[in-house]
Amino acid sequence: YLIINIYVMKKFTKLSILIFTLLFVLNVNSQDENHKWQFSFGTNAVDLEADSNTSFTEFFDVKDNWNLSKSPVSMFMVSKYVGGNLSFGVGAAFNSITNYATGFELEGTTNDYFSVDAMLKYDLSDLVSMKLLDMDFHPFVGIGPGMTSFGEDCYLTANGSLGLNVWLSETFGLTLMSEYKENLSDSILLDEGGTMRWSLMLTLKFDEDSE
């Protein structure tokens, strides 16, 4: 078990170095732009009963399928605008799993779930934007890689995201996001090969003027 934990930590360290190196490179290459940073933190829910055979209503079966985080702050993301409605972001989240996929149930067993993810995000507000009660609604889509530690397993994922920023003011708002995380491991794992993650976060936006 100690060997597995050491292996997991090495994998997370390598991925974290890669992600933050990419973030640094983007920062260096765009020093002549007006940088826009966004920091989000909040809670998340993980649904392991998610694959191509899942019906639409099953995605919202909170009681049977969702694993709700017990901590009010269990997820955070930071992203940077790089131009052309694109932002690059990194984030991390944790949860405790008690609701497993059908056929992979572990009664009375709780497994820790932790992920580190990178995302290239495209803001759709130029195409689809709405304003209601002085609130701006800005949808976005995103793709990127991730690494998940689940129980004694550690594996890479390919992520697709759909979200909505609700700006209550110029710099403060809410972020709602749903993500599908495709498991890229060849081994049979407890998530049946795919995971949905739902999140609700408070969001702060910072502007940095170039010198």
Side-chain angles (χ1 to χ4, degrees), residues 4-26 37-52 54 59 65-69 71 73-82 86-97 99-101 104 111-123 140-165 175-201 203:
I4 292 174
N5 281 336
I6 293 174
Y7 172 79
V8 169
M9 291 306 299
K10 285 183 178 179
K11 289 291 186 179
F12 274 122
T13 300
K14 289 180 181 179
L15 183 64
S16 299
I17 291 173
L18 174 62
I19 289 173
F20 284 104
T21 299
L22 287 172
L23 188 61
F24 175 76
V25 169
L26 287 172
W37 292 86
Q38 183 175 320
F39 178 71
S40 306
F41 63 96
T43 190
N44 77 97
V46 173
D47 178 7
L48 302 183
E49 188 71 60
D51 56 29
S52 58
T54 303
F59 285 117
N65 294 339
W66 285 27
N67 295 275
L68 301 174
S69 172
S71 172
V73 180
S74 58
M75 182 172 178
F76 73 89
M77 292 187 67
V78 60
S79 62
K80 175 183 168 260
Y81 179 74
V82 295
L86 287 172
S87 299
F88 178 80
V90 294
F94 62 89
N95 210 313
S96 297
I97 304 300
N99 289 328
Y100 296 88
F104 295 84
N111 271 309
D112 292 329
Y113 182 97
F114 180 74
S115 66
V116 176
D117 303 284
M119 179 170 65
L120 187 64
K121 179 173 65 175
Y122 185 76
D123 185 1
F140 63 86
V141 294
I143 57 172
M147 180 169 282
T148 296
S149 172
F150 181 21
E152 297 181 354
D153 295 309
C154 183
Y155 50 90
L156 292 172
T157 62
N159 309 333
S161 307
L162 177 64
L164 180 68
N165 288 317
T175 296
L176 298 88
M177 187 165 59
S178 61
E179 303 165 89
Y180 179 71
K181 300 166 67 66
E182 177 69 18
N183 189 335
L184 300 181
S185 173
D186 292 330
S187 59
I188 299 176
L189 301 170
L190 297 175
D191 67 351
E192 202 179 19
T195 299
M196 283 294 296
R197 182 170 66 193
W198 310 85
S199 57
L200 173 63
M201 297 177 284
T203 295

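If you take CD1 on Ile143 and OG on Ser161, they are separated by 9.5 Å, rounding to the nearest 0.5 Å. Separation of atoms CD (Glu179) and CE (Met177) is listed at 4.0 Å; rounding is to 0.5 Å.
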Evaluate Gln38 against Val78 for side chain to side chain contact (heavy atoms under 4.5 Å, CB included), listing each step before the verdict.
CA-CA 6 Å; Gln38 183 175 320; Val78 60; over 6 Å; no
Apply side-chain hydrogen bond (donor to acceptor under 3.5 Å, both in side chains) to residues Asp123 and Tyr81 and explain how you reach the verdict.
CA-CA 10 Å; Asp123 185 1; Tyr81 179 74; over 6 Å; no
Give the intermediate values and the outcome of side chain to side chain contact (heavy atoms under 4.5 Å, CB included) for residues Asp47 and Thr195.
CA-CA 6 Å; Asp47 178 7; Thr195 299; 5.9 Å; no
Please walk me through it: do Thr203 and Ser40 pass side-chain hydrogen bond (donor to acceptor under 3.5 Å, both in side chains)?
CA-CA 4 Å; Thr203 295; Ser40 306; 2.9 Å; yes
Please determine whether side-chain hydrogen bond (donor to acceptor under 3.5 Å, both in side chains) holds for the pair Arg197 and Ser115, giving the CA-CA distance in whole Å, both sets of side-chain angles, and the decisive distance to 0.1 Å.
CA-CA 11 Å; Arg197 182 170 66 193; Ser115 66; 2.7 Å; yes
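The side-chain tip of Lys121 points at the ring of Phe140 from less than 6.0 angstrom away and within 45° of straight on.
Under the 4.5 Å side-chain criterion, counting only non-hydrogen atoms from C-beta, Phe150 is not in contact with Phe114. Trp66 places a side-chain heavy atom less than 4.5 Å from the side chain of Trp198. Between Val46 and Ile97, some side-chain heavy-atom pair lies under the 4.5 Å cut-off. Contact check for Val116 versus Val90: no side-chain heavy atoms found under the 4.5 Å cut-off. Two residues are said to be in side-chain contact when any heavy atoms from C-beta on lie closer than 4.5 Å; Phe39 and Trp37 fail this criterion. Residues Lys80 and Phe88 have side chains not in contact (no heavy-atom distance under 4.5 Å, counting atoms from C-beta outward). You'll find the side chain of Met119 stays beyond 4.5 Å of the side chain of Asn159, heavy atoms only. Inter-residue side-chain proximity for Asn111 and Ser96 is flagged as unmet; no heavy-atom pair is nearer than 4.5 Å.
If you check the side chains of Thr157 and Asn183, you find no donor sitting under 3.5 Å from an acceptor.
Counting all heavy atoms, side chain and backbone alike, Asp117 lies closest to Gly146 at OD1-CA, 3.3 Å. The minimum heavy-atom distance between Met201 and Gly42, with the atom names listed, is CG-N, 3.6 Å. Contact between Ser71 and Thr43 at its shortest, heavy atoms only, is O-OG1, 3.5 Å. Nearest heavy-atom pair across Leu200 and Leu176 is CD1-CG, 3.9 Å.
For Ser69, the side chain to side chain donor-acceptor pair (under 3.5 Å) criterion is met by Ser74, not counting sequence neighbours. Not counting sequence neighbours, the partners of Asn95 by the side chain to side chain donor-acceptor pair (under 3.5 Å) test are Asn44. Here Ser199 pairs with nothing under the side chain to side chain donor-acceptor pair (under 3.5 Å) rule; sequence neighbours left out.
Remark: side-chain polar atoms of Asn99 are not paired, donor with acceptor, to backbone N or O of Asn67 under 3.5 angstrom.
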